[in-house]
2 protein chains.
Amino acid sequence: MVSIKKIARDIGVSTATVSNALTGKGRVSEAMVARIRARAEELGYRPSVAARALKTGQTGILGLVMPDLTNPLFPRIAQTLSLAAETRQLGILIADSRGSADEQGEALRRLVGRGVDGLLVVPQKGTTPDPMPVPMAIINTASDPTNSVSADHAGGGALIARHIADIGHRKVVILGGDRVSEVQRDRIAGMTRALRDDMGHRVCWGEVGVAQAVAEVQAGATAIMTTSDLIALQVRSELMRAQISVPGQVSLTGFDDMSFAPIMHPALTTVAQDVDEIAHRAIEILTARIAGTPSDREGQTVPMRLVLRQSTSIPTHPAQRRSIP
Amino acid sequence: MVSIKKIARDIGVSTATVSNALTGKGRVSEAMVARIRARAEELGYRPSVAARALKTGQTGILGLVMPDLTNPLFPRIAQTLSLAAETRQLGILIADSRGSADEQGEALRRLVGRGVDGLLVVPQKGTTPDPMPVPMAIINTASDPTNSVSADHAGGGALIARHIADIGHRKVVILGGDRVSEVQRDRIAGMTRALRDDMGHRVCWGEVGVAQAVAEVQAGATAIMTTSDLIALQVRSELMRAQISVPGQVSLTGFDDMSFAPIMHPALTTVAQDVDEIAHRAIEILTARIAGTPSDREGQTVPMRLVLRQSTSIPTHPAQRRSIP
DNA sequence: CCTGCTTGATTAATCGTTCAAGCAAGGGGG
DNA sequence: CCCCCTTGCTTGAACGATTAATCAAGCAGG
């Protein structure tokens, strides 16, 4: 491997000068900088990250901890995050917190042990990660005060509920996956808040909730709003079994615009996160914290976007409709 | 931060002795090892990875390059890989090759620049990654000779085709997503090989292939075998539009057993990769190569597993069935 | 009693980079 | 003419670990 020393010997200067020339820090003449740069290029010099890390205490690596990568949304975040990090010359070391809060803490400690400069955390449902001796950025749990950046889950819920209200639904079911999820609670809070006064709703949760929702439909509800596309897909399956058509007899909505949402039948009306924006902000906030200059965009939420597709429509029977002004 | 030096001073020995005691390398008395270990524990000593990397040239970090993390299968591999790496005290630095082969090369070079000890690569469709100056393990393109470990895609295709044959189908459609994908070609090769002599089949590709497949069904085909659950979901949607029932009028199969496969309607018959096994072998092979002791399991494929669900059944009309012995 | 081996520790160099401090030379102001 | 400032480069000491070489002491065998 070619080091700074080799270049120094080649040109006949000290290693300090080479270092200065390459990093642009000390005082080096224009001409010398050019010569050194050229030779470095020629030799294909790559600075040793290890040596630099040892000396400066900065590794240029961020740790990323995610809960259970099987949720198809997280990879998208990971991908964008890695892209955003890359433009800042940072690397991303991954770890996943596999279900438990303990594992999450363990993963964080491991990453710190590896000398990461900062941590990006998408917390386990219903947990707040322990503070660590390096800067952290917490992603995606809007209502948590320690949060750094998040989609506006409540706003997204409101968007979809308003849509459902606008097209005339009166009796609706809201279906969540897991009560402990801060994110899902936020979404549901947004939904209920946006419902109109002349509307009725019921909130159901989890596996049993799916059956309850179907029962509600049979009892006259005309829309089911879920907190995840995954749940919506499952509901779709149950509705089919019960011979209930979508959107003919009931409108159905998801959340997150996952990969299969546009290709299922009917294509799912849902709400999308601006994953790009969230990832970029997370990196921005974290690098700012590392540099010691807190960003002013901390804690702000990123708006969500309504994606209208074919799974929602106005209620078939006029009797079931709201009177729209 | 507490260093080896601090421990040495505390106990009154040289840093070399501490290093030896902690790594178990040189000659240190039992008693001394115990004292040093204890003190290190007490102080919460963590070796500096940077210093160690600088001296030894090994970072304990593996690079992982994946094509487009939005394919829901890859995250599962990433997750298992990170778990497997962890048990060997290794970290995983991610990068994704976002569509292009150029990006893939770029990602590899970046990771090498960061000093990774080895590279895990799930290659971009139809590409073979450039050789790099560190050991590599190539994952998941069975028919490629540079491959290190892969699911037995052809075997998986054979499994599903045999199932379709066994339940009596005679005229079938095979539907692939992208011709350049080595993996998909392997799967299809496996399928066609496993078809019986008295069966007829047609292979279609891509977006237009979906429509062609539906047309084939209208012309008498009773089964559609796809090379991905994602494609199957899309086909399901088109079939619905054409008022063709699954599995009543046509049997449908996917590939990879993605998250939504069990919850779509009807639940999808598909073939699953043993992601765990693949990930573990990849790590094993790579660490062996790094250590300079090539593993004997290189190049072996990992069997796939048939997952029978509700999207396949025997053809409704006896006239369309094969006569099964 | 001397020699040679083993045990348990030390010394000192080294990995590649950064950075504060120092130093020589040239130029301008008084 | 002397002094000081600036410019451009060098010196040398870190950073925290590893490791080959060395050494002192104890012990056994001849």
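Proteins come first, then strands; the chains are lettered A, B, ... in the order of their sequence lines, and each starts at number 1. Please read all numbers here as calculations on a predicted model, not as lab measurements. Just the heavy atoms: all of them, side chains too, but no hydrogens, waters or symmetry mates, feed the values below.
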Of all the heavy-atom pairs spanning B/Val134 and B/Asp117, show the shortest one and how long it is.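 Scanning both residues completely, I find the closest heavy atoms to be CB-O, 4.0 Å.
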Show the nearest heavy-atom pair for residues B/Ser100 and B/Gln124, with the distance to one decimal.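 Heavy atoms only, the tightest pair is O-NE2, 3.5 Å.
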Show your working on side-chain contact (heavy atoms from CB on, under 4.5 Å) between B/Leu111 and B/Met132 and close with a plain yes or no. CA-CA 10 Å; B/Leu111 290 173; B/Met132 290 281 141; over 6 Å; no
Could you list where the contact with chain B starts and ends along DNA chain C, reading 5' to 3', using a 4.0 Å heavy-atom cut-off?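 For DNA chain C, the relevant span reads C/dT7 to C/dG16.
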Is B/Arg46 atom CZ crowded by more than 12 heavy atoms from other residues, nucleotides or ligands, each under 6.0 Å away?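 Not buried by this count: 12 neighbours or fewer within 6.0 Å.
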Please check if atom CZ in B/Arg110 has more than 12 non-hydrogen atoms from other residues, nucleotides or ligands closer than 6.0 Å.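 Counting other residues, nucleotides and ligands, CZ of B/Arg110 exceeds 12 neighbours.
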Where do A/Met258 and B/Ser259 land on the side-chain contact (heavy atoms from CB on, under 4.5 Å) test, with the steps shown first? CA-CA 11 Å; A/Met258 292 179 181; B/Ser259 54; over 6 Å; no
Contact class for [X] (heavy atom, under 4.0 Å): base, sugar-phosphate, or nothing?
X       : answer
B/Ser3  : sugar-phosphate
B/Met1  : nothing
B/Ser29 : sugar-phosphate

Any salt bridge linking A/Glu106 with A/Arg98? Criterion: basic side-chain nitrogen under 4.0 Å from a carboxylate oxygen.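 A/Arg98 and A/Glu106: not salt-bridged.
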Between the side chains of B/Glu284 and B/Arg281, is the shortest nitrogen-to-carboxylate-oxygen separation below 4.0 Å, so that they form an ion pair?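 Judged by the 4.0 Å cut-off on N to carboxylate O distance, B/Arg281 and B/Glu284 do not form a salt bridge.
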Return the residues of residues 18-27 of chain A meeting this criterion: a heavy atom under 4.0 Å from some atom of DNA chain D. Order them by number, or give none.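 Contacts with DNA chain D under 4.0 Å: A/Arg27.
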Under 4.0 Å from any atom of DNA chain D, heavy atoms only: list the residues of residues 33-62 of chain A that qualify, in numerical order.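 Per residue number, the list reads A/Leu54, A/Lys55.
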What is the separation between atom CD1 on B/Ile7 and atom C1' on D/dA17, rounded to the nearest whole Å?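 These atoms are roughly 12 Å apart.
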Min side-chain heavy-atom separation A/Glu182-A/Pro123 under 4.5 Å: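 A side-chain contact is absent here, since even the closest heavy-atom pair is not under 4.5 Å.
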Return whichever of A/Lys5 or A/Ala16 has its heavy-atom-nearest nucleotide of DNA chain C closer to the 5' end.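 Of the two residues, A/Lys5 wins.
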CZ on B/Arg37 to CD1 on B/Ile7, rounded to 0.5 Å: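 Here the rounded value is 11.0 Å.
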For A/Leu22 and A/Tyr45, run side-chain contact (heavy atoms from CB on, under 4.5 Å): C-alpha distance rounded to whole Å, both residues' side-chain angles, the deciding distance at 0.1 Å, then the answer. CA-CA 10 Å; A/Leu22 259 22; A/Tyr45 166 76; 3.7 Å; yes
